[in-house]
Participant: 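Got a structure for you, written out below as structure tokens; questions coming shortly.
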Amino acid sequence: MTDRFARFGGRTRLFVALLAVSLVLLLFAGLGFTRSADDKPKAVLALMTTLPLQWSEGGIEADLAQDAAPHPAFARLTQRYDIDLIDDLTTWKPRNGQLLLLAQPRAFAPAELMRLDNWVRSGGRLLILADPALQWGSLYPLGDKRRPLFTSLLSPLFTHWGLELVLPITDDSPRIIRKIGAFNIRTVTPGEWLPKGTISPRCSISAKGLLADCRIGKGRAVLVADADMLDAAFWEGQGMRILTGGDEFANLAFVEALLMALKSNNALRGDFVGK
């Protein structure tokens, strides 16, 4: 009789142990199934810029202050992307599927221009914000290397791709509000892309010259003739933010949509850019 009870007790313990293991496995499976989108790995975005996006212009003391924070545009992008800040294209090692954002970058050496062109031709995806007359406020005077570039210095690259960046002469206010598809954009002194040279066109120009979509070899580059649109002064809107909690203008949503279009290789046409 004692042996029977012992065997019965052993089977009971084995059953309880198996049941416990099963419950643990189900719990982990449930957690994996209900994992939020925020836990998924972020897409990788390489960024080169002269704009004070991650760091302020106040020096290391300001950046280390208790209330220091990155620029709102940078903070917004980090919600969706794992941002890799780069300062030299010749030593940059792109990761698989990585997008590259050049926001009013510094002038490139010939070796960097060649590396960038070759990377795009081999399948790279690139977004460039190039401003012909940047109005971004700065603590530093014109000519100071710490100040964001006043005008884009990537003309050799644009010419190579059959484009020219110009600043339209107009009597209108330098501040403009423009509707591009579903996006209402506010900025200042935006430029315009014009075709240049006699080579076969690689780039389609749209949105009244603000956008150029270039198919270069196996890759693609989308060019925006403005960088001031990243400045929070043009899109955050204090009154609108207090009332609705959202942006007054869709500048950041527009940039994010361009990056998504590059990532998924969607065309920029129809409702996206308007007519």
Side-chain angles (χ1 to χ4, degrees), residues 48-51 73 89 100-110 112-114 116-117 120 126-138 142-143 147-181 183-216 219-231 233-235 249-251 254-255 257-259 261-262 267-269 272-275:
M48 179 185 282
T49 183
T50 61
L51 304 175
L89 290 175
L100 174 59
L101 170 58
L102 302 177
Q104 198 73 345
R106 61 170 175 77
F108 291 155
E112 289 180 291
L113 289 171
M114 185 177 298
L116 181 61
D117 183 63
V120 174
L126 167 67
L127 176 61
I128 299 180
L129 306 183
D131 206 304
L134 190 78
Q135 303 300 308
W136 198 293
S138 177
L142 285 172
R147 184 186 176 97
L149 285 182
F150 171 69
T151 190
S152 175
L153 299 178
L154 299 185
S155 294
L157 180 68
F158 302 149
T159 299
H160 186 56
W161 288 347
L163 290 173
E164 181 180 11
L165 176 62
V166 300
L167 180 64
I169 298 175
T170 175
D171 294 329
D172 298 336
S173 167
R175 292 198 176 203
I176 66 106
I177 296 175
R178 186 176 296 176
K179 184 171 178 60
I180 305 174
F183 305 96
N184 286 318
I185 307 300
R186 179 168 66 180
T187 188
V188 61
T189 59
E192 182 179 348
W193 298 109
L194 298 176
K196 183 175 184 177
T198 58
I199 60 174
S200 59
R202 300 187 178 100
C203 306
S204 60
I205 298 172
S206 59
K208 298 181 179 179
L210 187 68
L211 277 176
D213 189 0
C214 304
R215 303 284 178 167
I216 312 294
R220 184 179 177 195
V222 172
L223 286 66
V224 183
D226 184 76
D228 279 311
M229 66 171 59
L230 289 182
D231 192 340
F234 294 113
W235 57 269
F249 287 89
N251 297 21
F254 175 63
V255 172
L258 291 175
L259 288 169
L262 275 170
L268 307 183
R269 61 169 181 259
F272 187 83
V273 297
K275 301 296 183 184

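Along the sequence shown, residues are numbered consecutively beginning with 1.
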Participant: When rounded to the nearest 0.5 angstrom, what is the spacing between CZ in Arg215 and OG in Ser204?
Facilitator: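 So the gap between those two atoms works out to 8.0 Å.
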Participant: Which one of Asp226, Leu167, Val224 satisfies the side chain to side chain contact (heavy atoms under 4.5 Å, CB included) criterion with Pro190?
Facilitator: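 Of all the options given, the one that passes is Asp226.
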Participant: So do the side chains of Ile205 and Leu194 get within less than 4.5 Å of each other, counting heavy atoms only?
Facilitator: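 Side chain of Ile205 against side chain of Leu194, heavy atoms only: no contact under 4.5 Å found.
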Participant: With side chain to side chain donor-acceptor pair (under 3.5 Å) as the criterion, how do Asp131 and Trp136 come out once you've worked through the C-alpha distance, each side chain's angles and the decisive distance to 0.1 Å?
Facilitator: CA-CA 10 Å; Asp131 206 304; Trp136 198 293; over 6 Å; no
Participant: Is it the case that the side chain of Arg147 and the backbone of Gly137 share a donor-acceptor pair, with hydrogens and angles ignored and the cut-off at 3.5 Å?
Facilitator: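 Here the side-chain-to-backbone pair does not exist.
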Participant: Against Ile128, only a single residue in Leu102, Leu101, Leu100 fulfils side chain to side chain contact (heavy atoms under 4.5 Å, CB included); can you say which?
Facilitator: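 The single option meeting the side chain to side chain contact (heavy atoms under 4.5 Å, CB included) with Ile128 is Leu102.
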Participant: Would you give the length of the straight line joining atom NE2 of His160 to atom CG of Asp117, rounded to the nearest 0.5 angstrom?
Facilitator: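 Output value for this atom pair is 4.0 Å.
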Participant: Below 4.5 Å, heavy atoms only, C-beta onward: do Arg106 and Met48 meet side chain to side chain?
Facilitator: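 Sidechains of Met48 and Arg106: in contact.
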Participant: Looking only at heavy atoms, what is the nearest atom pair of Asp228 and Ala133, with distance?
Facilitator: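 In this case the closest contact between Asp228 and Ala133 is OD2-O, 3.9 Å.
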Participant: Can you measure from CG (Leu157) to CG (Leu223) and round to the nearest 0.5 angstrom?
Facilitator: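 Those atoms lie 7.5 Å apart.
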Participant: Going through the checks in order, is the side-chain contact (heavy atoms from CB on, under 4.5 Å) test met by Leu211 and Phe254?
Facilitator: CA-CA 12 Å; Leu211 277 176; Phe254 175 63; 4.1 Å; yes
Participant: With distance as the sole test, does Gln104 use its side chain to make a donor-acceptor pair with the main-chain N or O of Thr50 at under 3.5 Å?
Facilitator: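 Such a contact is absent between Gln104 side chain and Thr50 backbone.
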Participant: Without swapping roles, check the side chain of Arg178 against the backbone of Ile185 for a donor-acceptor pair under 3.5 Å.
Facilitator: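 A pair under 3.5 Å: no.
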Participant: If you apply the rule side-chain contact (heavy atoms from CB on, under 4.5 Å), what do you find for Ile216 with Leu126, and how did you get there?
Facilitator: CA-CA 10 Å; Ile216 312 294; Leu126 167 67; over 6 Å; no
Participant: With side-chain contact (heavy atoms from CB on, under 4.5 Å) as the criterion, how do Thr187 and Phe249 come out once you've worked through the C-alpha distance, each side chain's angles and the decisive distance to 0.1 Å?
Facilitator: CA-CA 10 Å; Thr187 188; Phe249 287 89; over 6 Å; no
Participant: Does a side-chain heavy-atom distance below 4.5 Å link Val188 with Ile176?
Facilitator: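 No - every pair of side-chain heavy atoms lies 4.5 Å or more apart.
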Participant: Do Pro132 and Val166 touch side chain to side chain, with heavy atoms closer than 4.5 Å?
Facilitator: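 Pro132 vs Val166: side chains apart.
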Participant: What residues, two or more places apart in sequence or in another chain, satisfy salt bridge (Lys or Arg N to Asp or Glu O under 4.0 Å) together with Glu192?
Facilitator: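 Scan of Glu192 (salt bridge (Lys or Arg N to Asp or Glu O under 4.0 Å), adjacent residues dropped) gives none.
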Participant: Over all heavy atoms of both residues, which pair between Leu210 and Gly191 is shortest? Give the atoms and the distance, please.
Facilitator: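 Nearest pair, atom of Leu210 first, then Gly191: CD1-O, 4.2 Å.
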Participant: Between Arg202 and Trp161, which heavy-atom pair has the shortest distance, and what is it?
Facilitator: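 Closest approach of Arg202 to Trp161: NH1-CA, 3.9 Å.
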Participant: Taking Leu51 as the fixed residue, which of Leu149, Leu230, Asp231 is the one that meets the side chain to side chain contact (heavy atoms under 4.5 Å, CB included) rule?
Facilitator: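 Testing each of Leu149, Leu230, Asp231 against Leu51, the sole residue satisfying side chain to side chain contact (heavy atoms under 4.5 Å, CB included) is Leu230.
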Participant: For Gly181, does its backbone N or O pair with a side-chain atom of Lys179 as donor and acceptor, under 3.5 Å?
Facilitator: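 Side chain of Lys179 to backbone of Gly181, a donor-acceptor pair under 3.5 Å: yes, one is there.
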Participant: Is there side-chain contact between Phe158 and Trp193, with at least one heavy-atom pair below 4.5 Å?
Facilitator: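 With C-beta onward as the side chain, the pair touches.
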Participant: Kindly indicate whether the side chain of Phe234, heavy atoms from C-beta on, has any atom under 4.5 Å from the side chain of Asn251.
Facilitator: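 In contact.
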Participant: With a 4.5 Å cut-off on side-chain heavy atoms, are Pro148 and Ser138 touching?
Facilitator: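 The answer is yes, as the side chains (C-beta and beyond) meet within the 4.5 Å cut-off.
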Participant: Mind checking what makes side-chain hydrogen bond (donor to acceptor under 3.5 Å, both in side chains) contact with Asp213, not counting sequence neighbours?
Facilitator: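 Asp213 satisfies side-chain hydrogen bond (donor to acceptor under 3.5 Å, both in side chains) with Arg220 only.
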Participant: Are side-chain heavy atoms of Leu165 and Leu154 found at a separation under 4.5 Å?
Facilitator: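 Not touching, per the 4.5 Å side-chain cut-off.
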Participant: Which heavy atom of Leu163 sits nearest to which heavy atom of Ala212, and what is that distance?
Facilitator: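 The answer is CD1-CB, 3.8 Å.
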Participant: Compare every heavy atom of Ala103 with every heavy atom of Thr49, then report the nearest pair and how far apart it is.
Facilitator: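 Closest approach of Thr49 to Ala103: OG1-O, 2.6 Å.
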